[in-house]
Amino acid sequence: MIHIAVMGYGTVGSGVVEVFYKNRESIQRKIGNKPMDIKYILDLRDFPDSPYAGKMIKDFNIIADDPDIEIVAEVMGGLEPAFTFTKTCLERGKSVVTSNKELVAARGAELLEIARRNNVNFFFEASVGGGIPIIRPLHSSLAANEIDEIAGILNGTTNFILTKMIKEQMAFDDALALAQKLGYAERNPSADVDGHDACRKICILASLSFGNHIYPEFVHTEGIRNVTLEDVAYAENWGGVIKLIGRAKRSEEGGGIFAMVSPALISHDSQLSSVDDVFNGILVRGDATGDVVFYGKGAGKLPTASAVIADIVDAVKSTSTSKSLHWQDDGKNHVLDYRQQKGAFYLRMEGVEEGVQRARELFGEIRLLHRQGQPENEFAFVTPVLSESAMEEKSAELEKSGCRRIAMLRVLDY
Ligand code: HSE
């Protein structure tokens, strides 16, 4: 019998238990008909009415000290005690699978190394993209490629909120409350709304793709709080939508990574533009494959549980540490200054009559945008391609002529 422990009985943990018992027979078939069961569920709360009350424990040491436990699903979230528990399990020869993106983004390289030393596995398919397979395809199916770039809608909650605001005119707070009710949002929804969750996810994908640990604190991150329906209307006039995009790219000159999380204009022609509601879409640009796009439910109890259980199945099947699933932490920052990155920009200004003319003088060939109800003293435009620092300089010059900048968004061409 293969014994599993589940640490955390929140949205994801209860989903793991539910999917495991619902599909137990077929899951066991996928591991060569070996019997498998959940022996413990660790949570500090009481669940007296749960059909699994007999498996509930509050003391982590019961799991750590039980040699029967081969695989542990860490679905508690947060850095501590998740890190200490995970490290202890790996050191005691137990494979760990996790949905905890904060843990992987902050300590992934270290935990992978501990797993390797102890000849067990540390898997984290559920940490990015919910139910979408992306970690395994990146390190195995796309192994022939140098990955040049990754860009994606990586946070279900913000995509859900933006979709509800744009398509149903739902107020921001109501859309967020609904996302929380549906189990999409983080315990502290600021992690979603301010872009930190998407940042952790792009860091995991970038670390795995580019081989060096990419730390979230070095990645410029903006959330969706300042996105307005006026900007949405200008984006529509331009021919696209506004999405929260996490992206990471090898610098063309070599020797560094450009990475950023921000709301951005995406053309209707892009596959990412039609990724709505809680869905995530992740575009991977390989040097042999070209663009490959992954799409599916990026958050929620059962989709995330599906990825956790897939990792459990793989952990049973792997006889030793998965050598290809790793990256190194050399203690250096590999993220380049985002202000050097080039692109086009959307600017919305409140301004003097001659503002448009001045914008043309400063930026060159701008494309003016329009919206219904546009006030007379407002103008919006898309710039030609230039570096972010050059755009900031020119935008400041424009403001000196009496205009005021209301909004700035990047324009991306995925
Ligand atoms: N809060 C996250 C999201 C959960 O909305 O995408 C899945 O990681």
Side-chain angles (χ1 to χ4, degrees), residues 1-31 34-47 49-58 60 62-64 66 68-78 81-82 85-86 89-90 94-104 111 120-136 156 182-187 197 201 278 280 296-318:
M1 172 74 81
I2 294 160
H3 294 283
I4 307 164
V6 177
M7 301 198 294
Y9 198 59
T11 304
V12 180
S14 58
V16 169
V17 176
E18 182 181 328
V19 173
F20 177 79
Y21 284 110
K22 179 168 170 282
N23 296 339
R24 187 176 178 186
E25 263 183 42
S26 74
I27 292 167
Q28 290 179 153
R29 263 203 312 280
K30 284 158 199 155
I31 54 168
K34 289 184 195 147
M36 179 155 75
D37 201 4
I38 295 172
K39 188 166 179 183
Y40 305 119
I41 302 169
L42 178 73
D43 203 294
L44 290 177
R45 296 165 294 181
D46 290 311
F47 299 92
D49 302 328
S50 161
Y52 312 109
K55 297 177 188 288
M56 298 283 177
I57 56 167
K58 291 180 200 273
F60 165 70
I62 295 172
I63 295 173
D66 187 338
D68 281 353
I69 298 292
E70 285 178 45
I71 300 165
V72 179
E74 185 281 299
V75 284
M76 311 186 312
F85 289 2
T86 299
C89 289
L90 294 171
K94 305 172 194 305
S95 285
V96 177
V97 307
T98 185
S99 59
N100 188 337
K101 48 261 159 137
E102 197 176 349
L103 178 69
V104 183
L111 290 168
V120 289
N121 276 299
F122 177 58
F123 288 154
F124 44 90
E125 183 61 69
S127 67
V128 182
I132 307 172
I134 178 65
I135 301 295
R136 200 157 281 105
L182 292 168
Y184 303 155
E186 296 302 298
R187 235 175 304 171
D197 178 76
K201 292 168 177 167
V278 74
N280 283 189
K297 280 193 179 155
K301 177 173 167 169
L302 301 184
T304 312
S306 155
V308 172
I309 292 179
D311 275 352
I312 293 175
V313 167
D314 246 29
V316 174
K317 290 199 288 195
S318 313

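Position 1 is the first residue of the sequence, and the numbers go up from there. Being a predicted model, the structure only gives us computed values, none of them experimental.
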Are any non-hydrogen side-chain atoms of [X] and [Y] less than 4.5 angstrom apart?
X	Y	result
F122	C89	no
T98	L111	no
I312	F20	no
K58	D46	yes
I2	I31	yes
V278	L182	no

Please round to the nearest 0.5 Å and tell me the distance separating atom [atom1] of [X] and atom [atom2] of [Y].
X	Y	atom1	atom2	result
I132	S306	CD1	OG	11.0 Å
M7	N100	CE	CG	9.5 Å
N280	I134	CG	CD1	10.0 Å
Y52	E18	OH	CD	7.5 Å
M1	M36	CE	CE	10.0 Å
I41	I63	CD1	CD1	10.0 Å

| Basic-acidic side-chain contact under 4.0 Å: K94, D66 |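 Salt bridge absent between K94 and D66.
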With a 3.5 Å distance limit and no angle check, can you tell me whether [X] reaches the backbone of [Y] through a side-chain donor-acceptor pair?
X	Y	value
T304	K301	no
D37	K39	no
E74	V97	no
D311	F124	yes

| Closest approach of G130 and A307, non-hydrogen atoms and distance? |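 It is O-CB, 3.4 Å.
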